[in-house]
2 protein chains.
Amino acid sequence: MREKPLRPHLRKSAGLNASLPSGAAREAVEALGRRIVAGIWPPGATIPIEPELAQVLGVSRATVRDAVKVLSGKGLLRTARRYGTRVRPLEEWHLLDPDVAAWHGPAHPRIGRMFAETTELRCAIEPAAAALAAQRATPEQVRTLLAAAEALRPGEVDIVALFEADRRFHCTILDATDNLMMRQLQGIITTILRISYEFGVQKVDGRPVSREGHFLVAEAVARGDAAGARREMERMLDLNRAIAEAYWRNRAMAENPAGAAGGGWPGV
Amino acid sequence: MREKPLRPHLRKSAGLNASLPSGAAREAVEALGRRIVAGIWPPGATIPIEPELAQVLGVSRATVRDAVKVLSGKGLLRTARRYGTRVRPLEEWHLLDPDVAAWHGPAHPRIGRMFAETTELRCAIEPAAAALAAQRATPEQVRTLLAAAEALRPGEVDIVALFEADRRFHCTILDATDNLMMRQLQGIITTILRISYEFGVQKVDGRPVSREGHFLVAEAVARGDAAGARREMERMLDLNRAIAEAYWRNRAMAENPAGAAGGGWPGV
DNA sequence: ACCTTCTTTACGTCTGATCTGAAGCGGGCA
DNA sequence: TGCCCGCTTCAGATCAGACGTAAAGAAGGT
């Protein structure tokens with residue numbers, strides 16, 4: 001068993017978690033995962049037995065078992081002899097897992113709650129990350145931050161480019177903390193950002209995103225001003241939160257004029 | 001397929017992530033996971049082929065594949081046809097996963113770094129969580145917090161009881177945020193806390209843990225004082241950080257008097 | 001009503017075969 | 001020489017079928 005030099009053979013992973021490279025198993029995971037998250041089988045319910053799933057998904061029982069194992073690893077399922085395979089309660093789902101988060105489609109009843117809670121998490125993490133980044137960012141990371149802020153043009157029509165710049169900005173902040181734990185949160189932030197852009201949340205007040213806010217953070221990081229970076233990031237996220245709150249309130253009102261929509265924005 | 005009423009059949013999960021309930025597969029995951037984390041096979045290296053692993057671990061190839069699949073889900077491995085199964089770079093490991101964190105034994109070269117980075121994460125998360133908890137904690141959660149602070153007796157000799165009280169305090173704070181994303185972090189905080197206690201980090205200055213600090217936080221939460229809860233939690237974690245920093249510096253000096261130990265406390 | 005078997009069930013594990021995609025080699029051509 | 005193309009090889013991916021095993025639920029005795 002000689003060690004081979006590591007040579008990346010998957011230059012462009014599609015952006016998502018590439019834990020299952022191949023086809024059939026990956027598709028089985030996706031299919032089952034989406035159904036579970038969609039609530040086809042509510043938490044606590046027993047899903048069909050393995051042979052039945054194999055038939056429905058058109059794969060062998062071994063592949064079904066692989067998929068179930070992956071989903072168990074994400075906290076969605078629990079298996080036991082004679083009990084079948086059951087959907088675990090929502091509290092145990094690994095919601096920080098990008099896959100699990102992404103399986104919540106735009107129309108999902110809980111998407112409002114997901115967004116609200118992620119925003120709270122970001123309000124806790126990102127200011128601290130910005131402060132650390134101000135102390136540790138490399139010159140290249142500073143350049144990336146400034147370039148990403150520059151690319152957030154208010155009149156930009158290319159929504160994908162906007163998203164990409166936004167994503168790169170926030171991921172670079174987390175990268176620059178040089179803290180592997182903080183970097184783990186890049187996935188969930190990217191996913192939630194993507195969902196936001198798919199929704200158009202970022203444009204609720206007419207302006208796409210806060211270009212100034214991003215610049216103020218980037219400049220504070222560039223001059224090593226930890227307190228300033230933290231403060232500007234806080235300010236930016238407060239704005240973000242206000243925007244999101246207004247958006248979701250409107251959406252809830254439109255769907256359910258009587259009051260708060262079920263599973264929508266919680267009473268924060 | 002009738003839905004069965006949910007009836008918890010595993011009242012007491014042993015505290016760890018119970019994704020693999022059974023024996024052989026769980027053991028295979030543990031065995032492989034520990035070896036990978038221990039660095040038997042460095043990142044980028046190809047681990048032995050499946051039949052060989054099956055022989056070494058004393059299980060069938062199917063079970064090995066199950067284990068590999070679980071570890072791929074935790075970001076430790078990547079498999080591909082003809083490439084074999086390789087250890088992924090450290091940056092891609094899911095370090096927030098309690099299992100992955102716990103596989104870093106007390107003597108692991110990276111344990112100092114793990115501890116430092118987790119502390120930074122806690123300094124970001126827990127003050128914000130305390131503020132949210134002050135707004136949302138139920139009376140029962142408040143009682144739990146006060147009881148846990150009460151149990152942190154300076155003269156307590158039962159280290160397990162101390163750990164349990166400390167753990168319950170911090171997990172209850174996260175619970176009280178009523179934020180599922182924040183609750184995801186209970187696992188990693190519990191794991192790191194456990195490692196701290198196993199090391200004796202909490203006693204480096206003669207006193208076990210800051211009982212007063214916990215009480216001040218609990219009382220602020222009890223009276224709904226979000227700003228106060230945040231402030232006291234920050235103060236407590238600063239103390240925690242100072243203690244840990246001193247401990248790790250001493251440990252690094254003891255092991256490598258010439259300077260910073262490899263992989264120990266990074267230049268923060 | 002309670003406890004003790006006993007049966008049933010569906011996941012857990014094993015065996016062994018076949019399929020597939022990518023690396024590496026070698027031949028052919030400009 | 002140097003590049004392109006197809007063949008072989010390899011190791012994971014998938015499949016098929018069988019048996020093991022623990023726990024739920026029924027059956028029976030006290």
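The chains referred to below are lettered A, B, ... by the order of the sequence lines, with proteins before strands, and numbering in each begins at 1. Computed over heavy atoms, backbone and side chain alike; hydrogens, waters and symmetry mates excluded.
With sequence neighbours excluded, the residues forming a side chain to side chain donor-acceptor pair (under 3.5 Å) with R34(A) are E30(A), listed by chain and number. Qualifying side chain to side chain donor-acceptor pair (under 3.5 Å) partners for R61(A), counting only residues two or more places apart in sequence or in other chains: E50(A). For E164(B), the side chain to side chain contact (heavy atoms under 4.5 Å, CB included) partners two or more places apart in sequence, or in a different chain, are R167(B), R168(B).
Going from atom CZ of R86(B) over to atom P of dG12(D) covers 11 Å, rounded to whole Å. Counting to the nearest Å, the C1' atom of dC15(D) and the CD atom of E27(A) are 16 Å from each other. dC11(C) atom C1' lies 15 Å from atom CD of E52(A), rounded to whole Å. Protein atom CD1 of I47(B) is 12 Å distant from nucleotide atom C1' of dA11(D), rounded to whole Å. Atoms CG (D66(A)) and P (dT14(D)) sit 7 Å apart, rounded to a whole Å. Between the CG atom of L57(B) and the P atom of dT13(C) there is a distance of 13 Å, given to the nearest Å. The distance from atom CZ of R26(A) to atom C1' of dG12(D) is 17 Å, rounded to the nearest whole Å.
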Please tabulate the protein-to-nucleotide N/O contacts below 3.5 Å involving nucleotides 5-8 of chain D, giving atom names and distances.
none

Within the sub-3.5 Å range, which N or O atoms of nucleotides 14-16 of chain C have a protein N or O partner, and how far apart are they?
residue : atom : partner : partner atom : Å
dC14(C) : OP2  : S60(B)  : N            : 3.1
dC14(C) : OP2  : S60(B)  : OG           : 2.9
dC14(C) : OP2  : T63(B)  : OG1          : 2.4
dC14(C) : O5'  : S60(B)  : OG           : 3.4

Give each protein N/O atom lying under 3.5 Å from an N/O atom of nucleotides 6-10 of chain C, with the pair distance.
residue : atom : partner : partner atom : Å
dT9(C)  : O4'  : R82(A)  : NH1          : 3.4

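Between the side chain of Q184(A) and the main chain of W93(B), a donor-acceptor pair closer than 3.5 Å is present. Distance alone, capped at 3.5 Å, places no donor-acceptor pair between the R78(B) side chain and the R86(B) backbone. The backbone N or O of M114(A) sits nowhere less than 3.5 Å from a side-chain atom of H108(A) that would complete a donor-acceptor pair. A donor-acceptor contact shorter than 3.5 Å links the side chain of Q141(A) to the backbone of T138(A).
Atom CG of L180(B) sits about 11.5 Å away from atom CG of L121(A), to the nearest 0.5 Å.
Residues T190(A) and P98(A) form no side-chain contact, since every pair of their non-hydrogen atoms from C-beta on lies 4.5 Å or further apart. Counting heavy atoms from C-beta on, the side chains of V59(B) and E27(B) never come closer than 4.5 Å.
For the pair D178(A) and R136(A), the salt-bridge criterion is not met [side-chain N within less than 4.0 Å of a carboxylate O].
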